[in-house]
Each structure stands twice: as C-alpha cells, then as structure tokens.
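Comments concern the structure below.
The figures that follow rest on heavy atoms only: side chains count, while hydrogens, waters and symmetry mates do not. Proteins get letters first, then strands, A, B, ... in listed order; numbering begins at 1 in each.
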Amino acid sequence: MSTTRGGSGDGSRPRPEGMTRVQTAAQAEAVATREAYGRALVEVGRRRPEVVVLDADLSGSTKTALFAREFPDRFFNMGIAEANLIGVAAGLAAAGKIPFASTFAVFAPGRVYDQLRVSVAYADLGVKVAATHAGLSVGEDGATHQALEDIALTRVLPNMTVIVPADASETRAAVHAAADHPGPVYLRLGRAPVPVIYPEDHSFTIGRWDVLKEGRDLTLIACGLMVDVCLQAAVALAGEGVLAGVVNASTLKPLDTSTLLEVARRTGAIVTAEEHSVIGGLGSAVTEFLAGEHPVPVVRVGVGDRFGRSGTPAELLAAYGLTPDDVRRAAAKALALKSRGPS
Amino acid sequence: MSTTRGGSGDGSRPRPEGMTRVQTAAQAEAVATREAYGRALVEVGRRRPEVVVLDADLSGSTKTALFAREFPDRFFNMGIAEANLIGVAAGLAAAGKIPFASTFAVFAPGRVYDQLRVSVAYADLGVKVAATHAGLSVGEDGATHQALEDIALTRVLPNMTVIVPADASETRAAVHAAADHPGPVYLRLGRAPVPVIYPEDHSFTIGRWDVLKEGRDLTLIACGLMVDVCLQAAVALAGEGVLAGVVNASTLKPLDTSTLLEVARRTGAIVTAEEHSVIGGLGSAVTEFLAGEHPVPVVRVGVGDRFGRSGTPAELLAAYGLTPDDVRRAAAKALALKSRGPS
Amino acid sequence: MDLKTAGRVTLGPRELAATAARVRRHIVETIGRAGSGHPGGSLSAADILVALYFGGVMNVDPSRPRWPGRDRLVLSKGHAAPALYAVLAERGFFPVEDLAGLRNIDSHLQGHPDMKGTPGVDASTGSLGQGLSFAVGLALAGKLDRAPWRVYVVLGDGEVQEGQIWEAAMAAAHYRLDNLTAYLDHNGLQIDGRVEDVMSISPVAAKWQAFGWHVIEVDGHDMDRILGATAEAAEVKGRPTMVVARTVKGRGVSFMENRAEWHGKAPTPDQLAEAMRELGAADAGGPAEGGDSGAGERGEEDGQ
Amino acid sequence: MDLKTAGRVTLGPRELAATAARVRRHIVETIGRAGSGHPGGSLSAADILVALYFGGVMNVDPSRPRWPGRDRLVLSKGHAAPALYAVLAERGFFPVEDLAGLRNIDSHLQGHPDMKGTPGVDASTGSLGQGLSFAVGLALAGKLDRAPWRVYVVLGDGEVQEGQIWEAAMAAAHYRLDNLTAYLDHNGLQIDGRVEDVMSISPVAAKWQAFGWHVIEVDGHDMDRILGATAEAAEVKGRPTMVVARTVKGRGVSFMENRAEWHGKAPTPDQLAEAMRELGAADAGGPAEGGDSGAGERGEEDGQ
Ligand SMILES: Cc1ncc(C[n+]2csc(CCOP(=O)(O)OP(=O)(O)O)c2C)c(N)n1
Ligand SMILES: Cc1ncc(C[n+]2csc(CCOP(=O)(O)OP(=O)(O)O)c2C)c(N)n1
Ligand SMILES: [Mg+2]
Ligand SMILES: [Mg+2]
C-alpha cells in the first residue's frame with residue numbers, strides 16, 4: 001500500500017533534480033516505519049544487552065513482538081496499562097537498563113503525559129518511547145486512534161528528544177541512535193507502509209536535519225511520510241519554474257536551528273509539512289524560532305485543528321489536505337507572502 | 001504578596017499613557033485568580049442550577065470548597081484520581097450538567113490528556129476544566145507542581161477553548177462565560193495574588209483580546225500575570241521613547257486573529273509574554289498565525305525549555321526571565337529585527 | 001412486535017436468539033466488507049447488548065435518541081462498535097442499510113463509537129478504560145436529579161487492567177451508585193494472548209468485591225442469566241453491580257472462537273461466507289464455553 | 001556506631017527512637033524555616049523511613065549514592081520529602097546543615113524529591129501515584145540481573161486512590177516481584193479530610209490481597225513491628241508484600257496529630273517552638289493511635 005502518491009497510482013515517481021543523496025533504486029519499495037522499528041530493536045538488543053522492551057498489549061501491532069521472540073526474558077508486557085508502562089520503564093532506566101516502551105502514539109504520550117513528565121523527563125532517564133500508529137495514516141480505526149498532537153506534547157517537555165523518521169532506513173538508524181543517547185527519546189512511527197527514500201545503511205545523527213534538495217525560491221521542511229510528499233511537490237513546483245528545497249526535519253527536538261536559519265536565509269520562504277495538527281508540531285517549532293531570529297513567511301501544511309475520522313489512509317490524507325498538491329498550494333501562498341514583502 | 005513587580009517593592013506603579021480602560025483605583029489590590037474563581041463559582045452556581053463542581057482532593061487550594069459549602073449536593077470530590085475526575089465530569093455533562101472540574105494545572109491537563117481528548121474534546125462536551133496553580137508562581141512546591149506546558153496541551157485539542165485570565169475581575173467574568181459556553185473550556189488560574197487591573201464588573205467575551213494600550217513601535221501580547229508585567233514594561237519602554245502597545249490575550253484559543261493581525265500590521269513587531277514554556281503556548285500561537293499571514297518579528301518571553309524549581313514566586317519569575325526588564329530586552333530585540341528588515 | 005418502538009422492547013427467548021444471530025451476522029458482514037475491525041470482542045459482547053436492548057431492559061426512544069429520560073449504555077470497550085451499531089440499527093436508531101458503511105470515510109459509523117455522529121450512541125469510546133468514569137458521571141447526574149433511568153456499561157477483561165477503571169470503581173462504590181450496572185465481557189483474551197498470560201486480572205470477582213461492588217457471575221451467552229443478573233442488580237441498594245459475564249471471544253464463528261488472532265482482523269470473502277453459514281444455522285444458540293478456557297496464539301495482525 | 005557508614009546500619013531500640021525524634025525535629029524545623037511544606041505526612045512516615053535506613057534494612061553507601069548494588073527506596077508520597085531528607089542527612093548522604101535550605105531557590109532540597117539533585121534520592125516524585133510503577137521497574141531490573149538488592153516504596157493512603165497504583169499493583173503481582181516491599185502510610189487523612197469521607201479506600205487490605213499481594217498490618221509507629229513485617233516480606237516468595245502501617249498524621253506534635261489542616265502548612269515561629277519542645281521530650285516514643293480513628297476538619301490552607 002502506498003499512502004503518499006496522492007492517488008496517482010503511478011509507480012514511477014520522478015525525483016526532483018539536484019537530489020543526489022536519495023536512492024532512486026529504492027523508490028518502489030514501501031515499508032512501515034513500525035516494521036523497521038521492530039527489526040532494528042532486535043539489532044540493538046543484540047548489540048546492547050541493557051536494552052529491554054516493554055509493550056502494552058500491542059506487541060503485534062508495534063512490532064515489538066519481534067524482540068519478544070528473540071529475547072523473551074528482556075520483554076515485559078504491561079497489559080493495557082500505559083501509565084504503568086512508562087513508570088516501569090523509568091524504573092528500569094534508573095537501574096541501568098535501556099528501555100524501549102511501545103504502544104500507539106495516541107496513548108503514549110497522550111495517556112501518559114504526566115508520567116512522561118515526572119518519572120522520565122524531569123528525572124532525565126533514558127526511556128525511549130517508541131510509539132506507532134501516529135497520524136491519519138492509521139486509517140479506519142478513526143479519531144480515537146489517530147495521534148495528531150503527540151509532537152506538540154513531547155516537544156514541550158524539557159530534556160526530551162523528539163524524532164520522526166521519514167522512512168524505514170532512517171528508522172533503523174534512529175533506533176540505534178536512541179539506544180545510544182543517554183536521555184529520554186520519543187520516536188514517532190507509522191502504521192502504513194511508506195516509500196523507502198534512504199539507502200539501508202543510512203546514517204542518522206540526532207539533531208541534524210537532512211537537506212535532500214537545495215532550493216532557491218523556497219524550502220519545504222517536512223517530517224515523517226510528508227517528506228516523500230514534499231519530494232513529489234518539489235517536482236511539481238519545478239515544472240512551474242519554482243525551485244523548492246526539501247529538508248527532512250526528522251529531529252523535531254532539539255531543533256537544527258543552523259540548518260533552519262540557513263535555508264530561511266537562502267530561500268526566504270518556508271512551507272512546513274507534517275502528519276500532525278498544524279498546532280504545536282513542526283510548523284510551530286519552525287515559526288517559533290524564525291519569528292525571533294529571521295522572520296520569513298512560513299505556511300504550515302498539516303491537519304487543521306480537527307479530529308481525524310475513519311477512512312483509508314489515502315482518503316484521509318487527501319481529505320485533510322496532506323497531498324503534494326496541498327504542499328504546492330501552500331508554496332504558492334508562501335511565495336506570494338515573500339514577494340509582497342513586509343508591509 | 002505581589003509577584004509581579006520585578007522586586008521593585010514600590011507600591012505606586014505608574015501606568016502607561018494612553019491606557020484608559022484599566023482602573024487605576026484598583027492598582028493596589030492583589031487577588032489570586034483561584035480565589036476569584038472560587039467566588040465566581042458560587043455566583044454561577046446560584047444563577048445556573050445545572051452547574052456542578054468536581055475536585056480531586058484539593059478543594060481548599062482550588063477554592064472549590066466555597067462552592068461545596070454552599071451547594072454540598074452539587075459538589076463531588078473524586079479523591080486523588082484525576083483521570084476519573086475528568087471522565088466523571090464528561091458523563092455529567094452528557095447528562096445535561098455544567099461541570100467545573102478543578103485540580104492543579106500540572107494534573108489537568110497533564111495527568112488526564114487522553115481523557116480530556118476522547119471523553120471531553122472529541123465528544124465535544126461542556127466540561128469546564130478550571131485548573132489552578134499554573135506556572136512558576138506556584139513557588140516552593142517546585143518543578144513537579146509548576147505547570148509550564150498546560151497551554152500547549154490544551155491548545156492542540158480540537159473543540160477546546162483556552163482562557164488565561166489576567167486578574168480577578170477577568171476571572172470572574174470568564175467563569176460566567178465558560179458556564180454559558182456550550183463546549184469544553186480550559187481555564188488557567190494562578191495560586192499567587194496578582195494585581196487587579198480591571199474593574200470588578202469587567203466584561204469578557206470568549207475569543208476577544210483586549211487592547212489595553214495602543215502601540216506605535218511594537219506590541220506586547222501577554223496573558224495571565226504577564227499582562228501586568230507588560231504594562232510595567234511598557235512604562236519603562238515609554239521612558240526610552242518606545243511606544244509599546246499592550247494586549248491582554250486572555251483567550252488563547254480560539255485566537256483573536258483580527259486583533260492580532262491589526263496590531264502586527266500597525267506596529268510591525270511583537271513580543272509575547274507568558275508564564276509558560278516558550279514552546280507551544282501563546283508565543284507559539286502568535287508565531288504560527290503571523291508567519292503564514294503577515295510575517296513580522298515576534299520575540300517570545302517565557303520559560304526557556306526547562307523545568308521549574310523551588311523558590312518564592314518573585315525569585316522564580318526573576319530567575320526564569322519573566323520580569324518587566326526581560327520584556328524590555330525582548331522588545332529591544334524585536335525592534336532590532338524590525339529595523340533590520342528582511343534579508 | 002415493532003422493534004423500533006419507544007420504551008422497552010421485551011422479546012421472548014426465541015426472538016432474542018434470532019436477534020442475536022442477526023446481530024452476529026451484521027458484525028461479521030460489516031467487518032468483512034470494511035476490511036478491518038474487531039470481530040472477536042464484538043461477537044463476545046453481542047448477547048449482552050441484545051439482552052439489554054431487546055430483553056426488556058433499556059428504556060429508549062429510537063426517534064429521540066437524546067431523550068433525557070432514557071437509559072444509557074456506555075460501550076467502554078469501544079472496539080466492539082460493530083456489535084453496538086448492529087443492535088442500534090436493529091432497534092431502529094438508524095437504517096440497517098447504514099451498517100454497510102462501517103469505517104467508510106463518508107459514513108457516520110466510525111471505527112470506534114462517536115456519540116456526536118451516531119444516533120443512539122451514548123458515549124464516545126475507543127480509548128480503553130474511560131467508559132466506566134463516564135458511566136459514573138451519568139449515574140451521578142441521575143442520582144442528583146432523582147431520575148428513574150439507569151446506566152449500563154460494558155467492559156473488556158483486558159480493559160480492566162487500566163488504572164482509570166479502578167478509580168471509577170472506587171468512586172462508584174463511594175457514591176453508592178446503585179443505578180449503575182457494569183458487565184465484564186470476560187472472554188479471557190486480549191490482543192497479545194490470554195489475559196492470564198499478558199497481565200493477570202484474577203481473582204477478578206474478588207477485586208470488584210474489595211472495591212465495594214455487588215458481583216454476580218453468569219454465562220455471558222445465556223440471555224436468561226444475563227437478564228436475571230440485570231434484574232438482581234436493579235434491586236441492590238447502595239452499591240453498583242458488576243456482572244462478570246463469562247464469554248467466548250469470537251462466539252458463534254467456529255474458527256474465530258477463543259482465538260486472539262481474531263481480535264482485530266477482518267475475514268476474507270471465503271471466511272466471511274463460512275462465518276455467515278455458521279451464523280445462519282445458529283439462530284437458536286449453541287453451547288457456551290467458559291471464558292477462561294482456551295486461547296489461541298498471540299494475535300500478530302492488527303486491525304487496530 | 002558511625003551512622004554515615006556504608007552497608008546496613010542497625011541501631012538498637014533506644015537509638016532508633018532517638019533518631020526518629022531527631023528526624024521529627026528536622027521535619028518541623030525545616031518546614032517552619034521554609035515557611036511551607038507538608039508536616040503531617042512527613043511525621044506519619046518518619047518511623048517507617050527511620051526503620052528502613054537505621055534498622056538494618058537498607059544496604060546503602062552514602063559516599064556512593066548511585067552504587068548499583070544498593071537497596072532502593074521510592075518515596076511515592078513525595079510531599080513527605082522533609083522526612084526523607086532528614087533521614088538521608090542523618091545517614092550521611094549530605095550535611096545535616098543542608099536541611100536548612102529546604103525549598104530555597106539555591107538549595108538542592110526541592111519541595112518534592114529530585115533524584116537528579118539530591119544524593120540518596122532514588123526516585124523523583126511529587127506527582128502522586130507514580131512511585132509504585134517506578135519501584136516495579138527497579139524490581140524488574142533487579143530480577144533480570146538476579147541482583148540481591150531490594151526495593152522499598154512508601155505510599156500514602158489517599159495516594160492509592162490513583163489508578164496507576166492499581167496498574168502497578170497488578171504488574172508487581174503478575175511478575176512475582178518478591179523483591180519489592182511497599183508500605184502504606186495509613187494515617188486516615190488526605191488534604192480534604194478523612195480518606196473515608198473523601199473517597200473511601202476500605203477495605204484496603206482486601207484490595208491488595210485481591211491484587212495478589214501478601215499483606216501485613218502493623219502499627220506504623222512501632223519500629224519493632226515495622227522491622228518484623230519487613231523481615232517477613234523478605235521471606236515471602238513469588239509475591240510482593242504490602243505493609244499496611246497504621247499511622248497518625250502529624251505524629252509527635254500534639255496539635256498536628258490527626259488534623260487534616262496540618263497536611264500542608266508550616267508552623268508559625270511559636271508553633272515551631274512548641275513542636276520542638278514536644279519532640280525533644282518524645283525521644284522514647286509515645287503511644288500510637290490507629291490511623292482510622294479521628295480526623296480534624298478539612299484542610300483549607302494549601303501548602304501545595
Ligand atoms: C487505552 C487503550 N490502550 C490500548 C488500546 C488498544 N486495544 C484495543 S482493544 C485491546 C484489547 C482489549 O482487550 P479486552 O478488553 O479483553 O477486549 P475484548 O477481548 O473484549 O475484545 C487493546 C489493547 C486501546 N484501544 N485503548
Ligand atoms: C497526582 C497528584 N494529585 C494531587 C496531588 C496533590 N496532593 C499532594 S499530597 C495530597 C494528599 C495525599 O494524601 P495521602 O496520600 O494520604 O498522604 P499523607 O496523608 O500521607 O500526607 C494531594 C492530593 C499530587 N501531589 N499529585
Ligand atoms: Mg477480552
Ligand atoms: Mg494519608
């Protein structure tokens with residue numbers, strides 16, 4: 001299943017020019033980031049014996065079952081008790097373990113915010129919350145299961161690192177990086193398969209954004225499955241003579257302010273794109289920083305302050321304005337603001 | 001106790017010129033907004049028999065005890081069980097009641113985010129969460145008890161109205177407005193006494209900001225106890241020849257975009273000020289909107305992505321950069337960005 | 001008898017069984033058509049819901065779904081929405097044809113119950129553990145108004161691992177909510193396997209008793225027993241009642257019964273046809289197994 | 001005996017009582033000096049903490065507060081921090097003089113325990129209901145490593161109204177954490193009044209039993225009994241133990257005893273002097289009352 005083609009159904013997706021670092025060979029493949037998470041967990045489990053994994057009755061869905069199968073003694077199912085899931089993970093971390101705690105992104109951070117705040121973030125313990133089924137691409141389960149606010153919730157926590165990988169390769173690298181990072185990490189993962197844009201051995205550094213394509217007229221800054229959507233939008237924009245840069249902002253916190261400042265200076269207009277509410281997430285992080293350092297137009301693509309609903313991932317991404325065409329329209333608005341200049 | 005004088009200790013605080021709507025007679029008085037909440041609850045309890053009040057073992061601190069005394073049958077203590085507090089309030093609302101549910105702002109929304117999300121906001125039920133002890137001015141109880149992220153958490157919820165009254169008079173009016181508003185409301189209240197800046201019969205309309213002072217060079221937009229801090233900063237700025245407008249942005253959601261756009265257009269530079277993290281709150285709401293409509297410099301005054309700690313309210317506001325002087329410095333930065341213009 | 005009438009509908013044993021069979025067919029058919037959903041827990045809860053809506057218990061008015069005087073039902077285990085939707089459609093809250101839209105983007109039948117969108121749905125659920133608190137709120141309002149209506153709530157046995165359940169349980173006893181009856185759909189399974197293995201809740205009756213509830217244990221597929229317990233609960237004073245209903249997850253479809261993998265997976269067209277055959281022949285009801293008995297393997301597939 | 005030594009410190013009855021009296025004096029003095037804090041619950045928990053740190057139970061090394069081989073203590077009712085700080089200072093984790101800084105902006109002694117800042121504090125608490133989960137995580141790690149150290153956790157009786165407590169209780173039993181011992185500081189009071197009136201938790205022993213715990217009931221001001229229960233818990237296999245300790249809130253200061261208003265209020269200078277007088281004379285310990293006995297009025301004042 002591809003959820004990112006805007007319904008084109010055309011398997012051969014053109015890549016924007018000037019984009020050299022993204023494997024074209026990998027284009028056809030689509031893998032869910034939760035799947036890559038499950039596989040990577042087994043790798044870090046082998047590499048680091050302190051790694052333990054916790055789940056809350058969703059190990060088949062979050063793919064922690066893969067770890068449970070290989071390391072049954074290091075896997076703890078907490079049942080349907082998310083607050084305890086996080087608290088227990090914190091205790092394990094305090095005793096020297098590297099706990100990965102998984103459930104759906106609506107439940108962690110949503111159900112466990114205060115536990116994450118006090119037992120994990122305030123105590124600055126190395127709990128890795130790897131939450132799957134983020135965003136609208138959850139599909140048919142509907143609003144209660146579609147996390148659209150989890151970036152906002154985790155980003156506001158001091159000591160927290162927030163990572164939203166764009167594809168399976170980046171997920172794998174991010175899982176390793178999270179295990180090696182001493183502090184708490186929130187890893188946002190998806191249910192639906194998304195195109196693999198990076199080579200399998202892609203390297204990832206917490207806090208460093210990846211400029212996939214240099215821009216001239218404006219820059220598209222995205223995370224998660226919206227990175228691929230922006231790559232597609234950049235192609236469309238190029239066809240209109242607009243040279244749009246594309247940045248994979250996979251670390252939402254800490255913000256890569258030097259890359260952000262650099263692309264804002266160079267292109268003078270920004271579009272952000274995320275499978276999340278337009279409130280509090282990537283768009284918010286970008287506007288907060290730029291408004292106080294280098295105010296340029298920033299137009300946010302995201303879910304417009306409403307709950308999700310049932311539907312297929314593709315239907316929902318279209319209905320809620322997360323297609324390449326929506327990005328293109330946002331770009332037009334950003335360019336208009338830029339050319340209008342300050343009043 | 002006054003927590004908003006930046007340690008000046010001078011009781012006669014000058015008011016900025018051009019500010020006509022704020023009572024000077026009331027300047028000396030300081031009342032905690034939680035106190036005003038408790039009193040107003042009794043009023044709405046008399047006016048509307050559907051009003052019921054719930055608490056979670058903090059009725060003395062949240063001041064719901066005043067209501068409990070007058071309407072013991074309409075008061076429900078849920079004990080130390082905040083998730084249940086919100087769920088029960090939702091059920092009461094579904095049966096036609098107007099529930100006010102109170103605890104500390106760290107616990108609602110922090111401890112109950114998913115309950116607020118599903119049982120209240122998704123169901124769009126008229127639960128009024130009136131949380132006290134928000135912000136650093138909680139004082140000595142320290143980080144675990146100082147809510148610095150609650151605006152971020154509630155602002156991202158669809159259907160939610162978020163109100164941060166500036167003083168006792170506005171609190172009273174906001175409690176009445178909340179009771180009459182059909183949907184969910186989050187009311188953010190403080191522990192420490194704050195100067196009363198409005199007359200007792202001050203009227204309040206959800207979603208409408210109050211321009212306390214018209215500006216020319218920039219506008220200070222604040223909520224809660226930072227409104228008074230900004231009024232003081234505006235006086236200092238006037239002394240330097242800078243005419244700063246002051247806006248009380250007491251409704252954080254829905255945003256008063258017309259007032260925001262108007263002051264941004266007129267003055268071309270903004271400082272936001274809130275007793276909250278600089279992430280996700282008022283500053284975020286302002287930058288999100290302006291960046292996509294009318295990009296101007298916005299410098300945020302707030303708590304810089306770290307936890308609070310023990311101390312007196314005044315010590316903490318100073319240590320965390322929430323004094324008139326901090327606002328003045330932020331104004332200087334905003335003005336510098338404005339004069340530099342776009343690059 | 002017109003099933004879409006206002007007030008209480010009281011069917012005889014035969015008609016109750018036939019209604020339950022129809023509801024089960026709706027469940028597998030709508031999930032099969034949607035391509036996702038939760039058949040196991042919908043089928044295990046079906047008899048409880050049918051008993052409440054058609055066994056002379058729930059006093060409702062399909063033409064006025066928000067009638068303030070109605071009895072309320074909170075499906076706390078919201079993933080069993082297909083069972084609730086089938087019952088509500090049969091009861092006349094909306095056309096049976098609407099069921100075909102389950103989980104479609106243009107339907108009012110969301111993957112989990114949405115009280116704003118679907119007539120007859122009294123609570124928005126889907127995030128487990130929240131429904132009992134909501135029911136406590138409804139029951140408190142009923143007490144405050146000295147209203148005659150009652151509140152019913154259906155919980156999953158994995159769901160009671162949620163702490164919020166025990167907060168609400170404590171509050172319901174503290175406030176002596178004898179207008180509240182809960183049903184534990186005790187099918188012995190959750191997603192990752194047997195409740196006993198994932199996170200044991202036993203002894204579950206003792207837990208509810210220690211939390212101040214009147215507890216009745218019944219076969220959750222025996223309409224008579226469900227209704228008997230419900231009547232007993234209505235007589236209990238000063239305490240809420242928990243009906244621990246031993247059920248079989250997937251009940252009625254042989255290949256789904258007692259198998260965790262059928263928690264959240266849609267049947268293929270072939271499986272659907274087979275299930276419909278079995279359910280057509282099962283109108284009179286078959287023998288029930290205890291909920292704690294067996295369990296299949298861990299459910300790998302997620303319809304979640 | 002050097003109290004600041006590594007390992008276990010085992011005082012005799014007299015010295016234990018004297019230490020407890022010193023700890024109580026630290027509590028009221030530091031809260032009085034700070035002008036805010038929670039004397040009631042600090043005084044009720046004092047004997048439990050003294051028993052653990054000075055009665056030969058906790059194996060710790062004050063010079064290496066993060067020594068991996070140590071026993072751990074989680075003060076889940078974090079508002080009793082002054083009691084913990086006093087015990088840790090007496091045990092040598094930091095100078096007794098530091099206690100004077102309680103709640104000051106330049107002190108490491110936060111209003112609620114901060115494991116990052118204060119040597120000897122094993123868990124950051126203050127938001128009630130989280131400590132037992134944290135303790136379960138510690139105990140699981142101990143089991144995984146087959147480590148000899150044990151985990152102790154102190155809960156408030158109002159605190160166990162939190163649902164997370166019951167999630168953790170269930171998990172501790174499920175994972176057979178016999179290296180975990182909990183103490184319920186059962187003083188019968190919370191902030192808004194009597195636990196019984198605000199949100200009854202009784203029968204509390206039956207609740208923990210139904211959740212799979214070994215339960216022992218003791219007088220929470222009788223060191224001997226506390227230590228006896230602690231020893232018994234160490235022998236129990238396959239189950240965690242809950243020591244229900246009947247205590248008196250405010251214990252040791254006559255005008256604070258059994259009064260909810262002293263939950264979170266600092267004594268005035270006069271009251272402090274009076275309290276210190278009483279505590280100076282109470283070195284040998286006085287008679288204890290049951291935790292459920294009496295209660296003052298609702299506490300209006302908030303030190304929260
Ligand atoms: C708070 C929360 N956590 C996790 C889930 C995901 N989930 C949906 S159903 C389910 C298992 C429920 O088991 P049980 O309560 O026994 O239901 P039944 O067997 O009756 O289907 C889980 C974990 C959820 N919906 N809500
Ligand atoms: C989650 C949470 N809710 C509320 C509070 C505020 N609070 C602090 S102490 C307390 C009462 C605690 O009562 P109990 O557990 O009986 O403690 P003790 O009597 O031992 O002081 C409350 C409600 C809190 N700290 N954390
Ligand atoms: Mg079940
Ligand atoms: Mg107590």
May I ask you to check whether over 12 heavy atoms, not counting those of A:R306, lie within 6.0 Å of atom CZ?
yes
Locate the shortest heavy-atom distance separating A:N84 from D:S133; write the atom from each residue and the value.
OD1-OG, 2.6 Å
Spacing of CE belonging to A:M78 relative to CD belonging to D:E167, to within rounding of 0.5 Å:
10.5 Å
What is the minimum heavy-atom distance between A:Q115 and D:Q130, and which atoms define it?
CA-OE1, 3.5 Å
Go through the steps to decide whether D:Y175 and A:N77 satisfy the test side-chain contact (heavy atoms from CB on, under 4.5 Å), and finish with yes or no.
CA-CA 10 Å; D:Y175 284 101; A:N77 205 325; 4.2 Å; yes
Could you look at D:Q110 and say if it's the side chain, the backbone, both or neither that has a heavy atom under 4.5 Å from chain A?
side chain
Engaged part of A:A123 at the chain D interface, taking heavy atoms whose separation is under 4.5 Å
both
Taking every heavy-atom pair that is under 4.5 Å apart, which of D:A171, D:S127, D:G163 has the most such pairs with chain A?
D:S127
Under 4.5 Å from a heavy atom of chain A, the part of D:W149 involved
side chain
Look at atom CZ of A:R74 and say whether more than 12 heavy atoms of other residues, nucleotides or ligands are closer to it than 6.0 Å.
yes
With a 4.5 angstrom heavy-atom cut-off, could you sort out which part of A:L54 is near chain D: side chain, backbone, both or neither?
neither
Interface moiety of D:L140 toward chain A, non-hydrogen atoms closer than 4.5 Å:
both
Side chain to side chain, D:M115 and A:D124, heavy atoms closer than 4.5 Å:
no
Measure the CG-NZ distance between A:N159 and D:K116 for me, rounded to the nearest 0.5 Å.
4.5 Å
Most heavy-atom pairs under 4.5 Å with chain D, out of A:D114, A:D73, A:I86, belong to A:D114
Please determine whether the number of non-hydrogen atoms from other residues, nucleotides or ligands lying under 6.0 Å from atom CZ of A:R47 exceeds 12.
yes
At their closest point, which heavy atom of D:L138 faces which heavy atom of A:A94, and how far apart are they?
CD2-CB, 4.0 Å
If you look at every heavy atom in D:L144 and A:V52, which pair is closest and at what distance?
CD2-CG1, 3.6 Å
All heavy atoms of A:S119 vs all of D:F134, minimum pair found to be O-CE1, 4.2 Å
To the nearest 0.5 Å, what is the distance between OH on A:Y122 and NE2 on D:H112?
10.0 Å
